[in-house]
Amino acid sequence: IELSADKAPEPVDLQLSPPKFTEADYGSIAGVVHLPDGKTPAEYAMVFPIRTGDDWEQANSQSQNGDRKYQSRTANAAPVGADGSFRIADLPPGTYGVCAVPWRPDDWQSQPPTQALAQTIPATAGDIQLQAKQNVTGIKVALGKAGIIKGVVKAAEAGAPLPNAWINANPQGSQRANDPYLGSLGYRNMQTRSAADGTFVLPSLPEGTYHVSVSATDRKPFSKPSVAVKPGEVGEELVCALEQQFYGSVEGVVLQPDGKLPAAGAKVYAGSPDQYFEEPTASTDGQGKFRLDRQVEGEQRLIVTYPGAAPAILAEVKIERDKATPVEARLQVGGSVTGTANGEGGKPLGGDAYVVLRSSGAMNRWFDADNLDRRPGTLAGKVGADGKYAISNVPAGKYSASVWKDRQVVGANESVEVTDQKPTTIDFQLAVPKGIVRGKVSRADGKPVASAQVMAMPASPRAPGMMGGMSGGQAQVKDG
(Lines give C-alpha, C1' and ligand atoms only; values in the text may rest on other atoms or scores of the structure.)
Protein backbone atom coordinates (compact mmCIF):
# COMPACT_ATOMS: atom_id res chain seq x y z
CA ILE A 1 0.00 0.00 0.00
CA GLU A 2 1.66 3.20 -1.19
CA LEU A 3 1.23 6.22 1.11
CA SER A 4 2.06 9.79 0.17
CA ALA A 5 1.57 13.20 1.76
CA ASP A 6 -0.50 14.68 -1.09
CA LYS A 7 -3.10 12.02 -1.86
CA ALA A 8 -5.09 9.28 -0.21
CA PRO A 9 -4.27 5.63 -0.96
CA GLU A 10 -6.42 3.49 -3.20
CA PRO A 11 -9.25 1.61 -1.42
CA VAL A 12 -8.16 -1.70 0.12
CA ASP A 13 -10.59 -4.63 0.32
CA LEU A 14 -9.94 -7.31 2.93
CA GLN A 15 -11.75 -10.64 2.87
CA LEU A 16 -11.85 -12.43 6.21
CA SER A 17 -12.23 -16.20 6.19
CA PRO A 18 -13.66 -18.30 9.03
CA PRO A 19 -11.20 -20.28 11.17
CA LYS A 20 -10.26 -23.70 9.84
CA PHE A 21 -11.23 -25.35 13.13
CA THR A 22 -13.62 -24.41 15.92
CA GLU A 23 -13.33 -25.21 19.60
CA ALA A 24 -15.80 -28.04 19.09
CA ASP A 25 -13.11 -29.81 17.02
CA TYR A 26 -10.37 -29.46 19.64
CA GLY A 27 -8.74 -32.45 21.29
CA SER A 28 -5.92 -33.17 23.72
CA ILE A 29 -2.63 -35.03 24.10
CA ALA A 30 -1.67 -36.79 27.33
CA GLY A 31 1.18 -38.94 28.57
CA VAL A 32 4.05 -39.17 31.04
CA VAL A 33 7.48 -37.55 31.36
CA HIS A 34 10.32 -39.27 33.18
CA LEU A 35 13.82 -38.33 34.24
CA PRO A 36 16.68 -39.80 32.17
CA ASP A 37 16.41 -43.14 33.99
CA GLY A 38 13.05 -43.67 32.25
CA LYS A 39 11.34 -44.49 35.56
CA THR A 40 11.34 -41.51 37.94
CA PRO A 41 8.54 -38.97 37.28
CA ALA A 42 9.88 -35.59 36.08
CA GLU A 43 7.66 -33.59 38.44
CA TYR A 44 7.47 -29.83 37.76
CA ALA A 45 8.78 -30.15 34.20
CA MET A 46 6.66 -28.44 31.52
CA VAL A 47 5.34 -29.85 28.24
CA PHE A 48 4.18 -27.72 25.31
CA PRO A 49 2.84 -28.64 21.86
CA ILE A 50 4.53 -28.13 18.48
CA ARG A 51 2.28 -28.47 15.45
CA THR A 52 3.42 -29.23 11.91
CA GLY A 53 2.26 -26.59 9.40
CA ASP A 54 1.57 -22.87 9.48
CA ASP A 55 -2.22 -22.60 9.92
CA TRP A 56 -2.52 -22.63 13.73
CA GLU A 57 -4.04 -19.23 14.36
CA GLN A 58 -3.27 -19.24 18.11
CA ALA A 59 0.43 -20.15 17.73
CA ASN A 60 2.94 -17.68 19.19
CA SER A 61 6.13 -19.07 17.66
CA GLN A 62 7.14 -20.54 14.32
CA SER A 63 10.22 -22.35 13.03
CA GLN A 64 11.27 -24.23 9.93
CA ASN A 65 13.28 -27.38 9.33
CA GLY A 66 13.98 -28.06 5.67
CA ASP A 67 10.75 -27.45 3.79
CA ARG A 68 8.51 -28.18 6.79
CA LYS A 69 7.16 -25.51 9.11
CA TYR A 70 6.39 -25.91 12.79
CA GLN A 71 4.32 -23.79 15.16
CA SER A 72 4.27 -23.81 18.95
CA ARG A 73 2.04 -22.26 21.60
CA THR A 74 3.51 -21.89 25.08
CA ALA A 75 0.12 -20.85 26.46
CA ASN A 76 -0.91 -24.50 26.03
CA ALA A 77 2.02 -25.71 28.15
CA ALA A 78 1.05 -28.25 30.79
CA PRO A 79 2.90 -29.04 34.04
CA VAL A 80 4.10 -32.54 34.84
CA GLY A 81 2.49 -33.94 37.98
CA ALA A 82 3.96 -35.96 40.83
CA ASP A 83 3.18 -39.17 38.94
CA GLY A 84 4.86 -37.85 35.78
CA SER A 85 1.59 -37.30 33.92
CA PHE A 86 0.63 -34.36 31.72
CA ARG A 87 -2.31 -33.36 29.54
CA ILE A 88 -2.28 -30.62 26.89
CA ALA A 89 -5.80 -29.47 26.05
CA ASP A 90 -7.46 -27.20 23.46
CA LEU A 91 -5.54 -28.44 20.42
CA PRO A 92 -6.94 -28.24 16.87
CA PRO A 93 -6.58 -31.40 14.72
CA GLY A 94 -3.21 -31.93 13.07
CA THR A 95 0.23 -33.53 13.37
CA TYR A 96 2.03 -32.69 16.61
CA GLY A 97 5.15 -33.14 18.59
CA VAL A 98 5.43 -32.46 22.31
CA CYS A 99 8.50 -30.91 23.92
CA ALA A 100 9.28 -31.49 27.60
CA VAL A 101 11.57 -28.88 29.18
CA PRO A 102 12.97 -28.56 32.71
CA TRP A 103 12.12 -24.84 32.87
CA ARG A 104 9.27 -22.49 32.01
CA PRO A 105 8.80 -22.49 28.21
CA ASP A 106 7.60 -18.87 28.23
CA ASP A 107 10.83 -17.71 29.90
CA TRP A 108 13.98 -19.20 28.37
CA GLN A 109 16.12 -17.65 31.12
CA SER A 110 14.21 -19.36 33.95
CA GLN A 111 16.01 -21.98 36.02
CA PRO A 112 14.96 -25.60 36.69
CA PRO A 113 12.88 -25.66 39.89
CA THR A 114 14.45 -28.84 41.35
CA GLN A 115 17.93 -30.35 41.58
CA ALA A 116 16.74 -33.38 39.65
CA LEU A 117 15.54 -31.25 36.73
CA ALA A 118 18.76 -29.23 36.82
CA GLN A 119 20.52 -32.37 35.58
CA THR A 120 18.29 -32.78 32.52
CA ILE A 121 17.81 -31.30 29.06
CA PRO A 122 14.69 -31.08 26.86
CA ALA A 123 13.32 -34.08 24.99
CA THR A 124 10.51 -34.59 22.50
CA ALA A 125 8.05 -37.10 21.09
CA GLY A 126 6.81 -36.54 17.54
CA ASP A 127 4.50 -37.56 14.72
CA ILE A 128 1.42 -37.56 16.93
CA GLN A 129 -1.72 -37.61 14.78
CA LEU A 130 -4.60 -35.77 16.46
CA GLN A 131 -8.03 -36.09 14.87
CA ALA A 132 -11.01 -33.83 15.54
CA LYS A 133 -12.39 -34.25 19.08
CA GLN A 134 -9.76 -36.92 19.84
CA ASN A 135 -7.93 -37.35 23.13
CA VAL A 136 -4.57 -39.00 22.44
CA THR A 137 -3.00 -40.80 25.43
CA GLY A 138 0.04 -42.91 26.18
CA ILE A 139 2.73 -40.47 24.97
CA LYS A 140 6.05 -41.15 26.71
CA VAL A 141 8.98 -38.73 26.99
CA ALA A 142 12.26 -39.15 28.90
CA LEU A 143 14.34 -36.06 29.54
CA GLY A 144 18.00 -36.26 28.48
CA LYS A 145 21.06 -36.14 30.69
CA ALA A 146 22.63 -32.72 31.19
CA GLY A 147 26.05 -31.52 32.14
CA ILE A 148 26.80 -28.79 34.68
CA ILE A 149 29.33 -25.96 34.80
CA LYS A 150 30.16 -24.58 38.22
CA GLY A 151 32.76 -22.22 39.57
CA VAL A 152 33.57 -19.17 41.65
CA VAL A 153 34.07 -15.49 40.78
CA LYS A 154 36.86 -13.70 42.65
CA ALA A 155 38.73 -10.40 42.65
CA ALA A 156 42.10 -10.97 40.96
CA GLU A 157 44.09 -8.74 43.31
CA ALA A 158 42.86 -10.04 46.68
CA GLY A 159 40.88 -13.21 46.00
CA ALA A 160 37.75 -11.84 47.66
CA PRO A 161 34.48 -13.31 46.31
CA LEU A 162 32.49 -11.18 43.84
CA PRO A 163 28.74 -11.59 44.35
CA ASN A 164 26.10 -10.72 41.77
CA ALA A 165 28.42 -11.13 38.77
CA TRP A 166 26.85 -12.21 35.45
CA ILE A 167 28.00 -15.59 34.11
CA ASN A 168 27.09 -16.68 30.57
CA ALA A 169 27.74 -20.01 28.83
CA ASN A 170 27.34 -19.82 25.06
CA PRO A 171 27.67 -22.93 22.87
CA GLN A 172 30.65 -22.88 20.52
CA GLY A 173 30.29 -23.94 16.91
CA SER A 174 27.28 -25.80 15.54
CA GLN A 175 25.51 -27.79 18.24
CA ARG A 176 22.02 -27.63 16.84
CA ALA A 177 19.87 -30.65 17.55
CA ASN A 178 18.75 -32.77 14.61
CA ASP A 179 15.24 -33.11 16.09
CA PRO A 180 12.84 -30.87 14.09
CA TYR A 181 10.64 -30.46 17.18
CA LEU A 182 13.59 -29.38 19.29
CA GLY A 183 15.71 -27.34 16.89
CA SER A 184 18.06 -25.10 18.87
CA LEU A 185 15.79 -25.01 21.94
CA GLY A 186 18.09 -27.19 24.02
CA TYR A 187 21.06 -24.96 23.24
CA ARG A 188 19.79 -21.70 24.65
CA ASN A 189 22.40 -19.33 26.05
CA MET A 190 22.52 -20.05 29.77
CA GLN A 191 23.20 -17.32 32.28
CA THR A 192 23.13 -16.88 36.03
CA ARG A 193 24.52 -14.64 38.78
CA SER A 194 27.13 -15.46 41.40
CA ALA A 195 26.01 -15.98 45.00
CA ALA A 196 27.20 -14.02 48.06
CA ASP A 197 30.27 -16.29 48.30
CA GLY A 198 31.04 -15.84 44.59
CA THR A 199 29.99 -19.35 43.58
CA PHE A 200 27.75 -20.15 40.61
CA VAL A 201 26.14 -23.12 38.90
CA LEU A 202 24.97 -23.35 35.28
CA PRO A 203 22.64 -26.37 35.04
CA SER A 204 20.78 -28.13 32.22
CA LEU A 205 23.53 -27.87 29.62
CA PRO A 206 23.53 -30.27 26.65
CA GLU A 207 26.75 -32.04 25.78
CA GLY A 208 29.14 -29.79 23.88
CA THR A 209 31.79 -27.09 24.14
CA TYR A 210 30.98 -23.71 25.66
CA HIS A 211 32.47 -20.24 25.94
CA VAL A 212 32.06 -18.96 29.49
CA SER A 213 32.11 -15.19 30.01
CA VAL A 214 31.87 -13.28 33.30
CA SER A 215 31.20 -9.60 33.95
CA ALA A 216 30.90 -7.54 37.12
CA THR A 217 30.69 -3.88 38.06
CA ASP A 218 34.07 -2.09 37.94
CA ARG A 219 35.81 -5.27 36.77
CA LYS A 220 37.40 -6.21 33.46
CA PRO A 221 35.49 -8.96 31.63
CA PHE A 222 36.67 -12.54 32.05
CA SER A 223 36.26 -15.29 29.48
CA LYS A 224 37.23 -18.92 29.11
CA PRO A 225 36.64 -20.70 25.80
CA SER A 226 36.43 -24.43 25.08
CA VAL A 227 34.82 -25.54 28.34
CA ALA A 228 33.73 -29.15 27.75
CA VAL A 229 30.38 -30.36 29.07
CA LYS A 230 29.55 -34.07 29.26
CA PRO A 231 26.15 -35.64 30.06
CA GLY A 232 25.66 -36.51 33.72
CA GLU A 233 28.92 -34.89 34.81
CA VAL A 234 29.93 -31.81 36.74
CA GLY A 235 33.01 -30.30 35.12
CA GLU A 236 36.09 -28.99 36.86
CA GLU A 237 35.33 -25.93 38.99
CA LEU A 238 36.16 -22.73 37.15
CA VAL A 239 38.04 -20.02 39.02
CA CYS A 240 37.15 -16.71 37.38
CA ALA A 241 39.56 -14.00 38.58
CA LEU A 242 38.39 -10.55 37.43
CA GLU A 243 40.87 -7.68 37.37
CA GLN A 244 39.84 -4.26 38.62
CA GLN A 245 38.67 -1.82 35.96
CA PHE A 246 40.06 1.72 36.06
CA TYR A 247 38.63 4.85 34.42
CA GLY A 248 39.65 8.20 33.02
CA SER A 249 37.89 11.04 31.23
CA VAL A 250 37.92 12.97 27.95
CA GLU A 251 37.77 16.75 27.60
CA GLY A 252 37.34 17.98 24.04
CA VAL A 253 36.20 20.65 21.65
CA VAL A 254 34.44 20.29 18.29
CA LEU A 255 35.12 22.86 15.55
CA GLN A 256 33.18 23.51 12.38
CA PRO A 257 34.87 22.78 8.99
CA ASP A 258 36.50 26.25 8.92
CA GLY A 259 38.51 25.22 11.98
CA LYS A 260 37.54 28.38 13.86
CA LEU A 261 33.88 28.44 14.81
CA PRO A 262 32.76 26.08 17.59
CA ALA A 263 30.21 23.42 16.66
CA ALA A 264 27.60 24.03 19.36
CA GLY A 265 25.15 21.19 19.82
CA ALA A 266 27.32 18.56 18.14
CA LYS A 267 26.67 15.02 19.34
CA VAL A 268 29.52 12.90 20.64
CA TYR A 269 29.33 9.09 20.81
CA ALA A 270 31.91 6.95 22.57
CA GLY A 271 32.15 3.55 20.88
CA SER A 272 32.34 1.73 17.55
CA PRO A 273 30.71 3.07 14.34
CA ASP A 274 28.78 -0.24 14.16
CA GLN A 275 27.50 0.11 17.72
CA TYR A 276 23.89 0.90 18.62
CA PHE A 277 23.32 4.05 20.70
CA GLU A 278 20.05 4.92 22.40
CA GLU A 279 21.29 8.51 22.80
CA PRO A 280 24.56 10.49 22.45
CA THR A 281 27.21 9.99 25.12
CA ALA A 282 27.55 13.79 25.31
CA SER A 283 26.67 17.02 23.46
CA THR A 284 28.80 20.13 23.02
CA ASP A 285 27.97 23.40 24.74
CA GLY A 286 27.86 26.86 23.16
CA GLN A 287 31.66 26.89 22.91
CA GLY A 288 31.80 23.49 21.25
CA LYS A 289 33.19 21.85 24.40
CA PHE A 290 32.26 18.49 25.91
CA ARG A 291 33.39 16.15 28.66
CA LEU A 292 33.11 12.38 28.95
CA ASP A 293 33.53 10.95 32.43
CA ARG A 294 34.04 7.36 33.54
CA GLN A 295 35.64 6.12 30.34
CA VAL A 296 37.28 2.71 30.52
CA GLU A 297 41.09 2.82 30.69
CA GLY A 298 42.67 1.97 27.33
CA GLU A 299 41.87 3.06 23.79
CA GLN A 300 38.49 4.56 22.93
CA ARG A 301 36.89 5.65 19.67
CA LEU A 302 34.76 8.79 19.38
CA ILE A 303 32.18 9.62 16.71
CA VAL A 304 31.08 13.24 16.31
CA THR A 305 28.02 14.26 14.26
CA TYR A 306 26.83 17.74 13.32
CA PRO A 307 24.12 18.94 10.88
CA GLY A 308 25.49 19.58 7.39
CA ALA A 309 28.89 18.05 8.13
CA ALA A 310 30.46 14.65 7.71
CA PRO A 311 30.76 12.61 10.90
CA ALA A 312 34.23 12.84 12.46
CA ILE A 313 35.70 9.60 13.79
CA LEU A 314 38.56 9.89 16.29
CA ALA A 315 40.25 6.52 16.53
CA GLU A 316 42.59 5.35 19.29
CA VAL A 317 41.87 8.07 21.85
CA LYS A 318 44.01 6.99 24.79
CA ILE A 319 42.20 6.94 28.14
CA GLU A 320 44.53 7.04 31.15
CA ARG A 321 43.68 6.15 34.72
CA ASP A 322 42.32 9.10 36.72
CA LYS A 323 43.37 11.57 33.98
CA ALA A 324 41.52 13.79 31.50
CA THR A 325 42.55 13.25 27.87
CA PRO A 326 42.30 16.43 25.70
CA VAL A 327 40.97 16.02 22.13
CA GLU A 328 40.04 18.33 19.25
CA ALA A 329 37.61 17.24 16.54
CA ARG A 330 37.53 19.30 13.36
CA LEU A 331 34.54 18.50 11.17
CA GLN A 332 34.62 18.14 7.39
CA VAL A 333 32.01 19.16 4.86
CA GLY A 334 32.56 15.80 3.25
CA GLY A 335 31.77 14.56 -0.22
CA SER A 336 28.87 12.60 -1.63
CA VAL A 337 28.27 9.29 -3.40
CA THR A 338 25.35 9.04 -5.81
CA GLY A 339 24.24 6.76 -8.59
CA THR A 340 21.78 4.04 -9.51
CA ALA A 341 21.23 0.44 -8.43
CA ASN A 342 19.43 -1.69 -11.01
CA GLY A 343 18.67 -5.37 -11.20
CA GLU A 344 17.62 -7.71 -13.96
CA GLY A 345 16.83 -6.00 -17.25
CA GLY A 346 17.90 -2.64 -15.88
CA LYS A 347 14.89 -2.45 -13.59
CA PRO A 348 15.41 -0.36 -10.41
CA LEU A 349 15.87 -2.38 -7.22
CA GLY A 350 13.75 -0.06 -5.09
CA GLY A 351 11.93 -1.54 -2.12
CA ASP A 352 14.14 -2.19 0.87
CA ALA A 353 17.45 -1.74 -0.99
CA TYR A 354 20.34 0.37 0.31
CA VAL A 355 23.84 1.27 -0.82
CA VAL A 356 26.23 1.06 2.13
CA LEU A 357 29.77 2.45 2.46
CA ARG A 358 32.39 0.85 4.68
CA SER A 359 35.89 2.13 5.35
CA SER A 360 38.36 0.40 3.06
CA GLY A 361 39.57 -2.82 4.67
CA ALA A 362 36.76 -2.93 7.26
CA MET A 363 34.62 -6.04 7.61
CA ASN A 364 31.27 -5.83 5.83
CA ARG A 365 29.19 -6.22 8.96
CA TRP A 366 25.45 -6.73 9.22
CA PHE A 367 23.50 -3.75 7.98
CA ASP A 368 20.30 -2.93 9.89
CA ALA A 369 18.14 -0.46 7.95
CA ASP A 370 15.62 -0.25 10.80
CA ASN A 371 18.05 1.42 13.21
CA LEU A 372 19.99 3.94 11.13
CA ASP A 373 19.24 6.71 13.62
CA ARG A 374 20.90 4.64 16.36
CA ARG A 375 24.12 4.01 14.41
CA PRO A 376 25.77 7.41 13.84
CA GLY A 377 28.79 5.96 12.05
CA THR A 378 26.76 4.24 9.32
CA LEU A 379 26.96 5.71 5.81
CA ALA A 380 24.03 4.52 3.71
CA GLY A 381 21.53 5.73 1.13
CA LYS A 382 18.17 4.18 0.29
CA VAL A 383 17.51 3.21 -3.31
CA GLY A 384 14.37 4.97 -4.55
CA ALA A 385 11.65 3.69 -6.83
CA ASP A 386 13.58 5.15 -9.78
CA GLY A 387 16.72 3.21 -8.80
CA LYS A 388 18.61 6.32 -7.66
CA TYR A 389 20.37 6.73 -4.32
CA ALA A 390 22.44 9.43 -2.62
CA ILE A 391 24.78 9.38 0.39
CA SER A 392 25.77 12.86 1.58
CA ASN A 393 28.26 14.19 4.12
CA VAL A 394 30.74 11.34 3.56
CA PRO A 395 34.19 11.92 5.13
CA ALA A 396 36.99 12.00 2.56
CA GLY A 397 38.70 8.64 2.21
CA LYS A 398 38.60 5.21 0.58
CA TYR A 399 35.56 2.99 0.93
CA SER A 400 34.03 -0.24 -0.28
CA ALA A 401 30.44 0.07 -1.46
CA SER A 402 27.88 -2.71 -1.30
CA VAL A 403 24.20 -3.07 -2.14
CA TRP A 404 21.90 -4.56 0.50
CA LYS A 405 18.37 -5.77 -0.16
CA ASP A 406 16.11 -7.70 2.20
CA ARG A 407 18.95 -7.76 4.76
CA GLN A 408 21.40 -9.49 2.40
CA VAL A 409 24.36 -8.29 0.36
CA VAL A 410 23.31 -8.57 -3.28
CA GLY A 411 26.16 -6.67 -4.96
CA ALA A 412 29.46 -4.98 -4.20
CA ASN A 413 31.89 -2.51 -5.70
CA GLU A 414 35.54 -3.17 -4.90
CA SER A 415 36.45 0.37 -3.89
CA VAL A 416 35.55 4.04 -4.15
CA GLU A 417 37.49 7.15 -3.13
CA VAL A 418 35.56 10.14 -1.79
CA THR A 419 36.99 13.67 -1.99
CA ASP A 420 35.90 16.51 0.30
CA GLN A 421 33.16 18.72 -1.23
CA LYS A 422 33.04 16.69 -4.46
CA PRO A 423 30.47 14.19 -5.77
CA THR A 424 31.38 10.62 -6.70
CA THR A 425 29.17 8.45 -8.89
CA ILE A 426 28.79 4.66 -8.73
CA ASP A 427 26.18 2.78 -10.74
CA PHE A 428 25.32 -0.81 -9.84
CA GLN A 429 24.06 -3.29 -12.42
CA LEU A 430 23.42 -6.51 -10.55
CA ALA A 431 23.90 -9.75 -12.45
CA VAL A 432 21.31 -12.52 -12.27
CA PRO A 433 22.70 -15.84 -10.93
CA LYS A 434 23.00 -18.39 -13.74
CA GLY A 435 24.31 -21.58 -12.14
CA ILE A 436 23.25 -24.13 -9.57
CA VAL A 437 25.32 -26.28 -7.21
CA ARG A 438 24.10 -29.67 -5.99
CA GLY A 439 25.68 -31.99 -3.47
CA LYS A 440 25.33 -34.04 -0.32
CA VAL A 441 26.33 -33.41 3.30
CA SER A 442 27.42 -36.46 5.28
CA ARG A 443 28.94 -37.28 8.63
CA ALA A 444 32.29 -39.02 8.93
CA ASP A 445 30.44 -42.36 9.10
CA GLY A 446 28.61 -41.61 5.85
CA LYS A 447 25.21 -40.87 7.38
CA PRO A 448 23.36 -37.88 5.88
CA VAL A 449 23.23 -34.63 7.85
CA ALA A 450 19.83 -32.92 7.92
CA SER A 451 19.24 -29.26 8.82
CA ALA A 452 22.72 -28.16 7.72
CA GLN A 453 23.03 -24.89 5.81
CA VAL A 454 25.08 -24.69 2.62
CA MET A 455 26.30 -21.36 1.22
CA ALA A 456 28.01 -20.58 -2.07
CA MET A 457 30.39 -17.61 -1.90
CA PRO A 458 31.76 -15.97 -5.06
CA ALA A 459 35.46 -16.77 -5.50
CA SER A 460 36.46 -13.25 -6.58
CA PRO A 461 38.22 -10.21 -5.10
CA ARG A 462 34.81 -9.02 -3.89
CA ALA A 463 34.19 -12.09 -1.81
CA PRO A 464 36.10 -11.06 1.37
CA GLY A 465 34.07 -7.87 1.66
CA MET A 466 30.80 -9.72 1.15
CA MET A 467 31.37 -12.64 3.48
CA GLY A 468 30.18 -10.73 6.55
CA GLY A 469 26.82 -10.12 4.87
CA MET A 470 26.09 -13.80 4.22
CA SER A 471 26.04 -13.20 0.47
CA GLY A 472 25.77 -15.82 -2.22
CA GLY A 473 23.28 -18.60 -2.69
CA GLN A 474 21.84 -20.37 0.34
CA ALA A 475 20.07 -23.70 0.73
CA GLN A 476 18.62 -25.78 3.56
CA VAL A 477 19.61 -29.45 3.62
CA LYS A 478 16.63 -31.81 3.98
CA ASP A 479 17.76 -35.46 3.78
CA GLY A 480 21.49 -34.74 3.47
Side-chain angles (χ1 to χ4, degrees), residues 155-157 162 165-166 215-223 242-335 357-363 365 371-380 391-399 418-421:
E157 67 277 6
L162 293 177
W166 273 113
S215 61
T217 303
D218 293 333
R219 293 285 163 176
K220 295 181 180 180
F222 172 93
S223 67
L242 276 63
E243 298 180 7
Q244 188 172 356
Q245 182 70 72
F246 295 102
Y247 303 90
S249 60
V250 176
E251 291 182 346
V253 61
V254 180
L255 301 176
Q256 294 189 30
D258 61 7
K260 299 178 180 179
L261 295 176
K267 297 178 180 179
V268 182
Y269 302 83
S272 166
D274 290 301
Q275 184 176 333
Y276 289 93
F277 294 91
E278 291 294 338
E279 57 185 22
T281 312
S283 296
T284 59
D285 59 18
Q287 296 179 324
K289 297 181 179 181
F290 67 92
R291 180 182 174 89
L292 302 176
D293 290 315
R294 200 173 170 77
Q295 297 299 297
V296 174
E297 182 183 27
E299 290 186 350
Q300 180 63 284
R301 176 173 296 197
L302 303 182
I303 308 165
V304 182
T305 63
Y306 187 72
I313 299 178
L314 305 180
E316 301 179 357
V317 176
K318 189 175 181 180
I319 309 297
E320 298 184 66
R321 176 181 174 183
D322 299 329
K323 292 184 179 180
T325 301
V327 297
E328 179 181 288
R330 180 175 174 178
L331 299 168
Q332 301 178 36
V333 174
L357 300 180
R358 305 284 189 186
S359 296
S360 183
M363 181 181 293
R365 298 181 183 277
N371 290 280
L372 287 177
D373 57 334
R374 294 171 56 194
R375 302 181 73 171
T378 300
L379 301 171
I391 309 174
S392 58
N393 300 131
V394 179
K398 294 182 178 181
Y399 298 87
V418 178
T419 304
D420 203 29
Q421 301 188 53

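Bear in mind the structure is a predicted one, so any value in this text is a computation, not a measurement.
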Between Arg294 and Asp218, does a side-chain contact (heavy atoms from CB on, under 4.5 Å) hold up when you go through it step by step? CA-CA 10 Å; Arg294 200 173 170 77; Asp218 293 333; 2.3 Å; yes

Contact summary for [X] and [Y], nearest pair of heavy atoms:
X      : Y      : result
Pro311 : Asn393 : CD-O, 3.3 Å
Thr284 : Ala263 : OG1-O, 2.7 Å
Ala380 : Ile391 : C-CG1, 3.8 Å
Pro262 : Gln256 : O-NE2, 3.1 Å
Gln244 : Arg219 : N-NH1, 3.4 Å
Gly334 : Asp420 : N-OD1, 2.5 Å

Euclidean distance, [Y] [atom2] relative to [X] [atom1], rounded to 0.5 Å:
X      : Y      : atom1 : atom2 : answer
Glu251 : Thr325 : CD    : OG1   : 9.0 Å
Leu331 : Leu261 : CG    : CG    : 11.5 Å
Leu292 : Gln300 : CG    : CD    : 8.0 Å
Leu162 : Leu242 : CG    : CG    : 6.0 Å

Is any NZ, NE, NH1 or NH2 atom of the basic residue among [X] and [Y] found under 4.0 Å from an Asp or Glu carboxylate oxygen of the other?
X      : Y      : value
Arg321 : Glu297 : no
Glu243 : Lys220 : yes
Asp285 : Arg291 : no
Arg374 : Glu278 : yes

Does a side-chain heavy-atom distance below 4.5 Å link [X] with [Y]?
X      : Y      : answer
Thr305 : Tyr269 : yes
Ile319 : Val296 : no
Leu302 : Ile313 : no
Glu328 : Leu255 : yes
Val250 : Phe290 : yes
Val268 : Thr281 : no
Asp322 : Ser249 : no
Val394 : Tyr399 : yes

Residue pair Asp293 / Tyr247, side-chain donor-acceptor N/O under 3.5 Å: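 Not at all, the side chains of Asp293 and Tyr247 share no donor-acceptor pair under 3.5 Å.
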
For the CD atom on Glu157, are there more than 12 heavy atoms of other groups (residues, nucleotides or ligands in this structure) within a distance under 6.0 Å?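 Atom CD in Glu157 is crowded, with more than 12 foreign heavy atoms closer than 6.0 Å.
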
Flag, side chain of Arg330 to backbone of Pro257, donor-acceptor distance under 3.5 Å: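 Yes, Arg330 side chain to Pro257 backbone: donor-acceptor pair under 3.5 Å.
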
Strictly distance-based, threshold 3.5 Å: is any side-chain N or O of Ser283 a donor or acceptor partner for the main-chain N or O of Gly265?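 No; judged by distance alone, with no hydrogens or angles, the pair does not exist.
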
Please identify each residue that fulfils side-chain hydrogen bond (donor to acceptor under 3.5 Å, both in side chains) with Gln332, with sequence neighbours left out.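 In terms of side-chain hydrogen bond (donor to acceptor under 3.5 Å, both in side chains), with neighbours along the sequence ignored, Gln332 is linked to no residue.
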
